[in-house]
Structure formats: structure tokens, C-alpha cells
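These notes concern the structure reproduced below.
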Amino acid sequence: MDFNVKKLASDAGVFFTRAVQFTEEKLGQAEKTELDPHLENLISRADSTKNWTEKILRQTEVLLQPNPIDHTGARIEEFIYDKLDKKLPSRMTTAELLGQYMLDAAKEFGADSPYGSTLITVGEYQKRLGGAEREFLQTSAAAFLSPLRNFLEGDWRTISKEKRLLENRRLDLDICKARLKKAKQAEAKAAAAPDFQETRPRNYVLSASASAAEHELRVAQTEFDRQAEVTRLLLEGISSTHLNHLRCLQDFAEAQTTYFSQCHHHMQELQRELHRCANAVGAPHSSAASSNPAFPSDHSSPGASFSACDPKPGPLSMEPPATGTRKAKVLYDYDAHDASELSLLADELITVYTVPGMDPDWLVGERGNEKGKVPVTYLELLS
């Protein structure tokens with residue numbers, strides 16, 4: 001118990017001495033040992049890395065989980081399962097939940113009704129979108145969020161601890177420098193105004209005090225240099241951290257690209273399915289192609305429309321008409337899904353026209369000897 005009290009008193013004295021030195025430095029009343037410029041740059045770079053990593057991590061979490069309440073609940077759930085060393089259960093995404101509601105509603109309204117069958121179609125694609133979103137969230141959490149969080153909770157804590165220790169060593173060094181300076185000033189003052197009756201005792205005490213201060217300074221300098229080297233080695237590891245985060249960022253961008261590509265593909269398929277079913281039952285459907293005067297609306301009866309919902313679709317003739325062809329600029333890349341479609345590259349020019357009985361959201365495109373169906377939404381018709 002006595003040892004703990006003595007240690008507590010000693011630590012309190014050291015803390016107070018450092019606080020006094022720090023305050024005097026801020027007030028400009030004490031000299032401060034400057035760190036090596038290279039070490040200063042490393043510290044500044046590490047601080048920037050930590051600050052921006054925190055911001056990127058928080059905003060990415062908001063992007064993946066926009067609702068703050070859900071985000072907090074997910075973090076608490078993740079923390080509990082991590083402490084219990086159990087696998088986090090997979091949760092339904094909002095799109096999957098919406099799709100399930102649509103499927104349940106279709107059962108009650110009747111799957112044979114137009115509304116019920118459409119609910120089933122849209123609900124299935126909503127579940128596909130939700131599945132793609134869940135896969136994207138899992139990939140992003142594992143490939144991007146976890147490495148950033150591990151850096152902040154692991155490497156950065158070690159770096160911060162060593163930085164604080166370096167600052168304490170610097171304060172101790174400056175305290176020793178100040179003590180030595182005061183001891184030398186007192187010794188010089190005594191030599192300038194000697195007291196002939198007590199010259200030897202006082203000079204001896206002052207000399208001993210200066211020698212002790214010099215020894216303390218050498219020890220403090222050694223400790224400071226050692227801690228500066230340890231901190232420098234840790235801070236130089238930030239370059240490796242940047243390389244690791246670069247790979248994680250590339251993985252995140254790739255996961256994002258895959259996710260949006262899957263969503264775009266699913267929505268294209270849903271749009272086709274809805275148009276085909278609408279044409280099969282003769283439902284009116286507006287489109288850019290049918291309203292364009294350059295492409296006359298010459299559709300045959302609804303039963304002759306090109307539709308997956310029509311049990312007996314008739315073959316389409318893709319021969320160009322005598323009039324009505326136009327030039328079109330491709331807005332986005334498009335990959336053909338079957339032999340009847342034409343793949344497109346952004347910014348290229350193609351010739352387009354419509355034929356009787358074709359889905360109004362599609363045109364026939366020609367590029368040299370290649371010919372096939374192309375979606376209207378990917379084109380900008382030129383005058």
C-alpha cells in the first residue's frame with residue numbers, strides 16, 4: 001500500500017511538472033524541442049489519414065444503411081454477435097421485404113387477375129434487386145468497411161499511444177534542459193559574486209546540482225531519441241496502410257459496379273416482361289418510338305405483337321422500310337442478351353427503324369452488316 005501511495009505521488013508530481021512545462025510553452029515562456037522535419041511530416045500524414053478514414057467510413061456506412069436508427073441497431077447487433085462469437089444472421093433488405101409484400105398481396109387479390117399477376121412479376125424482380133443489394137452490402141462490409149475499421153481500432157490506437165509517449169518524452173527532455181539551464185545560471189551567478197565565508201560549500205552544491213541536471217538531460221535525451229525512432233517506424237507503415245486501403249477501395253468500386261449492373265439488368269428484364277404482358281392483353285402503352293412521327297405506328301392487332309406472354313408470337317420481319325429510317329446516337333453501352341439483339345457501344349452512330357408488330361420500346365438497329373433489336377432508352381434519335 002505504501003508503494004502505491006508513493007508511486008501515485010510520484011506520478012502526480014511528474015504530471016504536474018509536465019503540465020507546467022506545456023503551459024509555459026504555450027505562453028511562450030519556455031523553449032520547446034522541435035521534432036525532426038521528416039517525423040513532423042509523417043505525423044501530419046498519419047493524422048490526415050486517420051481523419052479522412054473516419055469520415056469515409058462513416059459516410060460509407062450511411063450510404064449502405066441510410067436510416068441512422070437501423071444503422072445503430074445493426075452495429076449493436078453486430079457487436080453482440082461478435083462478442084458471442086456467433087455468425088450474424090442474414091437480414092432481408094427493404095427491396096426483398098417489398099417484394100414479399102407484393103407476392104403476399106397477389107395471393108389475396110388472385111394471381112389470375114391482371115393486378116395480381118403484375119404484382120407477382122414486380123415482386124419477384126424486387127426480391128432479385130434485394131438479393132443483389134444484400135450481396136453488395138456483404139461484399140462492401142467485408143472488403144471495404146472492415147479494413148478501415150480495423151485500422152482505426154487497431155493500428156491507429158497503437159500509433160496514438162506511441163505519439164503520446166513521444167510527447168511526454170519531449171516534455172521530460174525540455175524540463176531537464178530548463179533545469180540544467182537554471183543550475184548553470186545559478187552557478188555562474190555564484191561565481192560572479194562569491195561569498196568568501198561560504199565559497200567552497202556553496203560552489204560545491206551548485207556544481208553537484210549542475211552535474212545531476214546534466215545526467216538527467218542525457219538520460220532524457222536517450223529516452224526521447226529511442227521513442228522518436230519507434231514512432232517513426234510506426235508512422236512509416238502508413239504507406240502500407242494506403243496501399244491496403246487502395247486495394248479495398250478498388251474492391252468496393254468493383255462491387256458497386258457489379259451491383260448497379262445487376263440492378264440495371266433486372267430492371268430491363270422487368271420492363272420487357274411488363275411490356276410483353278401488356279401487349280399480350282392489349283393494354284395501351286405509350287413509348288418514345290410510337291409517338292415519334294418519323295416512325296409511323298403501323299402495328300397489327302394485339303395478338304400479333306411480339307410478346308413473351310403471347311403463346312404464339314409471329315416472326316418479325318426486320319427488313320428496312322422504304323422510308324422512315326433515321327440515324328441515332330448510342331447513349332450507353334448495351335450487351336445483347338440473345339441473337340435477335342444488337343450490342344451497342346456508347347457514342348457510336350447507327351441506323352434505326354421500326355417494323356410492324358414490334359414492341360414499341362424497341363427498334364431495329366443496323367451497323368454495317370450487323371442487324372438486331374435495340375432498346376429505345378439507349379438511343380438519342382437525330383434529326
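Bear in mind the structure is a predicted one, so any value in this text is a computation, not a measurement. All residue numbers refer to positions in the sequence shown, counting from 1.
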Output all residues satisfying side chain to side chain contact (heavy atoms under 4.5 Å, CB included) with Arg128, sequence neighbours left out; order by chain, then residue number.
-> Tyr125, His266
Would Phe151 and Leu243 show up in the same hydrophobic cluster when neighbours are defined by side-chain heavy atoms closer than 4.5 Å?
-> no
Under a single-linkage definition using a 4.5 Å side-chain heavy-atom cutoff for Ile, Leu, Val, Met, Phe, Trp and Tyr, are Met92 and Leu103 assigned to the same hydrophobic cluster?
-> no
Between Leu145 and Leu64, is any pair of side-chain heavy atoms under 4.5 Å apart?
-> yes
Interatomic distance, Leu217 atom CG to Leu173 atom CG [nearest 0.5 angstrom] | 6.0 Å
Output for pair (Leu249 CG, Arg247 CZ), nearest 0.5 Å, gives 12.0 Å
Test Asp361 against Gln271 for side-chain contact (heavy atoms from CB on, under 4.5 Å), laying out the working first.
-> CA-CA 9 Å; Asp361 280 346; Gln271 190 179 38; 4.1 Å; yes
Please report the closest heavy-atom contact between Ala95 and Glu133, naming both atoms and the distance.
-> CB-OE1, 4.2 Å
How about Glu61 and Arg149: do any of their side-chain heavy atoms sit closer than 4.5 Å?
-> yes
Minimum-distance pair of heavy atoms, taken over all atoms of Phe136 and Ala255 | CD1-O, 3.6 Å
Atom of Trp156, atom of Ala46 and distance for their closest heavy-atom approach = CZ3-O, 3.4 Å
Could you tell me which non-hydrogen atom of Thr377 sits nearest to which non-hydrogen atom of Tyr332, and how far apart they are?
-> O-CE1, 4.0 Å
Glu229 atom CD, over 12 foreign heavy atoms within 6.0 Å | yes
Atom CG of Asn41 and atom NE2 of His38: how far apart are they, to the nearest 0.5 Å?
-> 8.0 Å
Indicate if Leu63 and Leu152 have the same hydrophobic cluster label, given that clusters are the connected sets of ILVMFWY residues with side-chain heavy-atom separations under 4.5 angstrom.
-> yes
Pairing residues for Leu349 by the side chain to side chain contact (heavy atoms under 4.5 Å, CB included) criterion, not counting sequence neighbours | Lys329, Leu382
Determine all donor-acceptor pairs shorter than 3.5 Å in which one atom belongs to a side chain in residues 114-121; sequence neighbours excluded.
{"residue": "Ser117", "atom": "OG", "partner": "Ser113", "partner atom": "O", "Å": "3.1"}
{"residue": "Ser117", "atom": "OG", "partner": "Pro114", "partner atom": "O", "Å": "3.0"}
{"residue": "Thr118", "atom": "OG1", "partner": "Pro114", "partner atom": "O", "Å": "2.8"}
{"residue": "Thr121", "atom": "OG1", "partner": "Ser117", "partner atom": "O", "Å": "3.1"}

Indicate the atoms forming the closest heavy-atom contact of Leu381 with Leu363, along with that distance.
-> CD2-CD1, 4.3 Å
side-chain contact (heavy atoms from CB on, under 4.5 Å) partner of Asp104, chosen from Met102, Gln100, Glu108 = Gln100
May I have all residue pairs that pass salt bridge (charged side-chain N to carboxylate O under 4.0 Å, His left out) and include part of residues 334-353, sequence neighbours excluded?
-> Arg272-Glu341, Glu348-Arg367
Is the closest side-chain heavy-atom distance between Thr139 and Tyr259 below 4.5 Å?
-> no
Residue pair Tyr101, Gln126: steps toward the side chain to side chain donor-acceptor pair (under 3.5 Å) verdict = CA-CA 10 Å; Tyr101 286 165; Gln126 288 297 326; over 6 Å; no
The single option from Met267, Gln262, Glu269 passing side-chain contact (heavy atoms from CB on, under 4.5 Å) against His265 = Glu269
Quick one: are Arg226 and Arg169 in side-chain contact, heavy atoms under 4.5 Å?
-> no
With hydrophobic residues grouped by side-chain heavy-atom distances under 4.5 Å, do Leu331 and Tyr334 end up in a single group?
-> yes
Yes or no on side-chain contact (heavy atoms from CB on, under 4.5 Å) for Val62 and Gln59, after CA distance, side-chain angles and deciding distance?
-> CA-CA 5 Å; Val62 171; Gln59 194 57 36; 4.1 Å; yes
Those residues at least two apart in sequence (or on a different chain) that pass salt bridge (charged side-chain N to carboxylate O under 4.0 Å, His left out) with Glu162 are none
Student check: side-chain heavy atoms of Leu379 and Ile350 closer than 4.5 Å | yes
Transitively linked via ILVMFWY side-chain contacts under 4.5 Å: Leu165 with Phe224?
-> no
Sub-3.5 Å donor-acceptor pair from the side chain of Ser44 to the main-chain atoms of Glu40, do we have one?
-> no
Give, for atom CD of Gln256 and atom OG1 of Thr258, the distance between the pair rounded to the nearest 0.5 Å.
-> 10.0 Å
Hey, does Ile238 have a side-chain heavy atom less than 4.5 Å from the side chain of Leu42?
-> no
Could you pull out the closest heavy-atom pair between Lys371 and Val364, with the gap in Å?
-> CG-CG1, 3.9 Å
Derivation of the side-chain contact (heavy atoms from CB on, under 4.5 Å) call for Ile43 and Leu235 | CA-CA 7 Å; Ile43 292 176; Leu235 293 175; 3.4 Å; yes
Any donor-acceptor pair under 3.5 Å linking the side chain of Ser261 with the backbone of Thr257?
-> no
Crowding at CG, Asp112 (>12 non-hydrogen neighbours, <6.0 Å) = no
Pairs meeting criterion salt bridge (charged side-chain N to carboxylate O under 4.0 Å, His left out) with involvement of residues 42-54, two or more places apart = Asp47-Lys163, Lys50-Glu54
Starting at CG of Asp155, measure out to OG1 of Thr49 and round the result to the nearest 0.5 Å.
-> 11.5 Å
Roughly how far apart are Gln65 CD and Thr93 OG1, rounded to 0.5 Å?
-> 10.5 Å
